[in-house]
Engineer: 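Quick one: structure below, then a few questions.
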Amino acid sequence: MKRFFLTTAIDYVNSRPHLGTAYEKVCADVIARYKRLCGFETRFLMGNDEHSQNVFKKASEEGLDPLKYCDQMEQEFRRTWKRLDVSFDDFIRTTEPRHRAGVTEITNRIHAAGDIYEGVYEGWYCVGCEEFKQEKDLVDGNCPLHPTLKPEWIKEKNYFFRLSKYQQPLLDHFAAHPEFLQPDVRRNEILRLIEGGLVDISVSRAGQSWGIPLPFDPESVVYVWFDALINYASAVGLGGDQEMFARWWPADLHVIGKDITRFHAVIWPAMLMSAGLKLPQQIFGHGFMTMNGQRMSKTLGTIVDPIVAADRLGHDPLRLYLVKEVTFGGDGDFSWERYDERYNVDLANNLGNLVNRVTAMAHRYRNGRVVPAGETSSRLRDLPNEVATCYRRAMDAFAIHEAAASVFRLIDATNLHITETAPWTLAKDPASADRLTQVLFDAAEAIRLAAVLLEPIMPSSSREILRRVGVSPDALLFERDGRWRSDGERVLLQEGPLWPRKELTTVSENPLPPGAPGAHPAPAPSTAAPGTAPGTAAPSTPAPGAAPAGGDRISIDDFMKVELRVAKVLAAERVPKSNRLLKLQVDVGTEQRTLVAGIAEAYEPEALIGKTVVVVFNLKPAKLMGVESNGMVLAASPDGGKPTVVSFETPPPPGTRVR
RNA sequence: GCCGGAGUAGCUCAGUUGGUUGAGAGCACGCGUCUCAUAAGCGCGGGGUCGGCGGUUCGAGUCCGCCCUCCGGCACCA
């Protein structure tokens, strides 16, 4: 039997799943379900990434044993995926023994291949800064902050993977397998990156306990990224169940977010090459979901909880939105208004209403029983199989949005078919009895086919529709069920609307703040200034249910940890070769400090001199473009806009505490 | 700044290797209409200098050049 093994990225467990993570799982699930429909023995893997220092920290903060914390998060993730009907076959955690076995195996193989060397972390070191310096940070070979001190060339023990060795093999692989990384934008980006040269990467961390020990040096643990990638292989038995591994490896598809393509399309294949293992067939880097055009962020309140979204209209409507409204591979936007709109149009008005009217007519005119009794009307003669073909072509190319849209062409055609044949007119003339029967049969058959095609996207709704049109929803197979059929009697069930229409007047149920676009039932667009399309200046809109739970707020003590002070800018200049950074000399009352601010796009250095601003006084120093920054200037940074520094109507003296 | 992508109706986008597109779909909006149906369905309509300027061509949204704007990737976003 043909097999298909696909994976999603494993998720960091330091925060709960949001709509962005859900998006990836749903899209992968659509592909998995489609492959099953096509008769593939399918294995769909998901999981959690637990060996992160952030996880360790987060657990400690909550006073939990890290593993206990991860146990809780696993339940959280599983609950979410279950709610969205994500049909994973396996769920791996990187703290499981089988994963440790896989990591150990592959690390040993790479080591044996001579591609891991106990090296040194080498680099320039400025004693003045107590920091490593990159070559490019140095000016004339000297630290820009301490030009009188000669930087030292320092070495520190570490383990390295010879990634550089795989530049050419990777380029060859990309050339031989154009489909290896999709979509093309991602592929080109990565190709340029590889062409630009690869440097060996550190694969170990010393002095840490949270992680998998390096087999040949238990004092070190495997670096979290190296560790995480291996989950795909350890989940199917690498280092353990040989038979299983032989059966499922290599993976057919890794579905990942575009932010981590580099790890999956460069490091991971190189690791596999080194270990003498096959490379995955394909990697697909999907885009991100935004909320009202803004990136999902906790502080902006633009996080959408997938469970809340599923609770609003149902998990299938949410899945349909994610799949149909977003070009798979590109970024997509979610808004509650659009979500409601798509629900009404696609599901209530078109598909749901179609099922309802056809089952109602079948009952009114034929006691629910329909059989083929003549010729199929022209509207439905060729289109259904065309749609099925188009759908498959799209699905096979992972154009899942196109596949979804194509099904609605069939649904629209069926509504047209009913208008054109007017069963209610046929019913008045006994001579048209057979014609009426056939018209109803055709409609029922079209609905059946649409439901089969929708199964990967809306599994439970699909089954419900199939049940209503008198077809067994079990064990669907594309070869048999995915094209027009005119066999047998169908007994239709009339059970009322599947998706009740959501009236637009209920927008007030949307948890939109007053003043947000869409919060007014009857806006007057004609009075809007040209170019100010509603929504462009949308303030952040909290997700429903994301009402300030105590957990997201900090205590006054937390806030008091941040020492904000009034500061006066004494000098300002551009950081060389930087287009965003300004180097500022400020008076913070007790002393003068140098700090770097990313506001060069909005402020000329001269304009800042003498200005009174607010700085974070007790921030750890950081070096940016080689300049050490001791503090941070507070500024408002609108998405896509230029920053504005916080200032005063009547400037207080430098050093004044701000709280 | 470098590399890549994109700028087409109010919104989201199709437009294949230049010519049956003297510019299309869906949503929204307006009008009409059937009545099986969830005030749903179906039909008609308004509305666009196809980012700007120049060029190649018998002919360009579709090719070339320059410019503008937006997005993404990388490099500095404390």
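Here the structure is a predicted model, which means the values were calculated and not measured. Naming: A, B, ... by sequence-line order, numbering from 1 per chain.
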Engineer: If pairing requires Watson-Crick or G-U wobble contacts with both distances under 3.5 Å, which nucleotide is the partner of G10(B)?
Structural biologist: C27(B)
Engineer: Can you tell me the distance, in whole Å, between the CD1 atom of I190(A) and the P atom of C74(B)?
Structural biologist: 9 Å
Engineer: If you look only at pairs with a residue in residues 345-359 of chain A, which of them pass as a side-chain hydrogen bond (donor to acceptor under 3.5 Å, both in side chains), with sequence neighbours excluded?
Structural biologist: K324(A)-D346(A), R342(A)-D346(A), N349(A)-R501(A), R357(A)-N415(A)
Engineer: Once you round it to whole Å, what is the distance between C1' of U12(B) and CD of E402(A)?
Structural biologist: 15 Å
Engineer: For nucleotides G19(B) and C27(B), find the distance between their P atoms and express it as a whole number of Å.
Structural biologist: 28 Å
Engineer: The side chain of N353(A) is closest to which nucleotide in this list: A40(B), U35(B), G72(B)?
Structural biologist: A40(B)
Engineer: Going through the checks in order, is the side chain to side chain donor-acceptor pair (under 3.5 Å) test met by Q438(A) and D434(A)?
Structural biologist: CA-CA 6 Å; Q438(A) 179 68 30; D434(A) 281 352; over 6 Å; no
Engineer: Any sub-3.5 Å donor-acceptor pair from D331(A)'s side-chain atoms to F288(A)'s backbone N or O?
Structural biologist: yes
Engineer: Just name whichever nucleotide pairs with U56(B), Watson-Crick or G-U, keeping both distances under 3.5 Å, else none.
Structural biologist: none
Engineer: Heavy atoms under 4.0 Å, any strand shown: does M361(A) hit a base, just sugar-phosphate, or nothing?
Structural biologist: base
Engineer: Detail all sub-3.5 Å separations between protein N/O atoms and N/O atoms belonging to nucleotides 2-5 of chain B.
Structural biologist:
from	atom 1	to	atom 2	distance (Å)
C3(B)	O2'	R192(A)	NE	2.6
C3(B)	O2'	R192(A)	NH1	3.4

Engineer: Base, sugar-phosphate alone, or nothing: which one does P500(A) contact when heavy atoms must sit under 4.0 Å apart?
Structural biologist: base
Engineer: Let me know the distance between CG of L354(A) and C1' of G41(B), rounded to the nearest Å.
Structural biologist: 10 Å
Engineer: Tell me whether the centres of the aromatic rings in Y321(A) and F334(A) are closer together than 6.0 Å.
Structural biologist: yes
Engineer: Looking at every strand, decide which applies to F408(A) at a 4.0 Å heavy-atom threshold: base, sugar-phosphate, or nothing.
Structural biologist: nothing
Engineer: Ignoring hydrogens and geometry, is there a side-chain-to-backbone donor-acceptor pair from E24(A) to A9(A) under 3.5 Å?
Structural biologist: yes
Engineer: In this structure, how many angstroms lie between the C1' atom of C13(B) and the CG atom of D333(A), rounded?
Structural biologist: 14 Å
Engineer: Grab the CG-P distance between L191(A) and G73(B) for me, whole Å please.
Structural biologist: 17 Å
Engineer: What orientation do W225(A) and F263(A) show, parallel under 30°, tilted 30 to 60°, or perpendicular over 60°?
Structural biologist: parallel
Engineer: For H417(A) and R379(A), indicate whether the former's side chain and the latter's backbone hold a donor-acceptor pair under 3.5 Å.
Structural biologist: no
Engineer: What integer distance in Å separates Y365(A):OH from A37(B):C1'?
Structural biologist: 10 Å
Engineer: Paired with G1(B) by Watson-Crick or G-U wobble geometry, both distances under 3.5 Å: which nucleotide is it?
Structural biologist: C74(B)
Engineer: So which nucleotide does U62(B) pair with, by the Watson-Crick or G-U wobble rule with both distances under 3.5 Å?
Structural biologist: none
Engineer: Under a 3.5 Å cut-off for both distances, is U17(B) Watson-Crick or wobble paired, and to whom?
Structural biologist: none
Engineer: Taking any heavy-atom pair under 4.0 Å as a contact, classify L498(A): base, sugar-phosphate, or nothing.
Structural biologist: base
Engineer: Nearest to the N415(A) side chain among G41(B), C36(B), G73(B), which nucleotide is it?
Structural biologist: G41(B)
Engineer: Using atom names, set out every protein N or O paired with an N or O of nucleotides 25-28 of chain B below 3.5 Å, distance rounded to 0.1 Å.
Structural biologist:
from	atom 1	to	atom 2	distance (Å)
C27(B)	O2'	E341(A)	OE1	3.3
C27(B)	O2'	E341(A)	OE2	2.9

Engineer: Walk me through it: do R312(A) and D340(A) pass the test salt bridge (charged side-chain N to carboxylate O under 4.0 Å, His left out)?
Structural biologist: CA-CA 9 Å; R312(A) 178 174 174 80; D340(A) 283 2; 2.6 Å; yes
Engineer: Rounding to a whole Å, what distance do you find between N356(A):CG and A40(B):C1'?
Structural biologist: 10 Å
Engineer: Which one, U38(B), A37(B), G72(B), comes nearest to the side chain of P497(A)?
Structural biologist: U38(B)
Engineer: Report yes or no: does H286(A) contribute a side-chain atom to a donor-acceptor pair with the main-chain N or O of Y23(A) at less than 3.5 Å?
Structural biologist: no
Engineer: When the C1' atoms of A23(B) and U62(B) are considered, how many whole Å apart are they?
Structural biologist: 12 Å
Engineer: Look at all strands and tell whether A360(A) reaches a base, only sugar-phosphate, or nothing, counting heavy atoms closer than 4.0 Å.
Structural biologist: sugar-phosphate
Engineer: Taking the side chain from Q585(A) and the backbone from V569(A), do they hold a donor-acceptor pair closer than 3.5 Å?
Structural biologist: no
Engineer: Taking atom P in both C53(B) and U49(B), compute the distance separating them and give it to the nearest angstrom.
Structural biologist: 12 Å
Engineer: Tell me the partner of U33(B), counting only Watson-Crick (N1-N3 plus N6-O4 or O6-N4) or G-U wobble (N1-O2 and O6-N3) with both under 3.5 Å; none if nothing fits.
Structural biologist: G41(B)
Engineer: Are any of the side-chain heavy atoms of L163(A) and V199(A) separated by less than 4.5 Å?
Structural biologist: no
Engineer: Roughly, in whole Å, what's the span from CD in E420(A) to C1' in C42(B)?
Structural biologist: 9 Å
Engineer: Let's see if you can work this out: which of U35(B), G72(B), U38(B) has an atom nearest to the side-chain heavy atoms of K428(A)?
Structural biologist: U35(B)
Engineer: Would you measure the distance from the C1' atom in A9(B) across to the matching atom in A14(B) and give it in whole Å?
Structural biologist: 13 Å
Engineer: Looking only at atom C1', what distance separates G18(B) and G73(B), rounded to whole Å?
Structural biologist: 32 Å
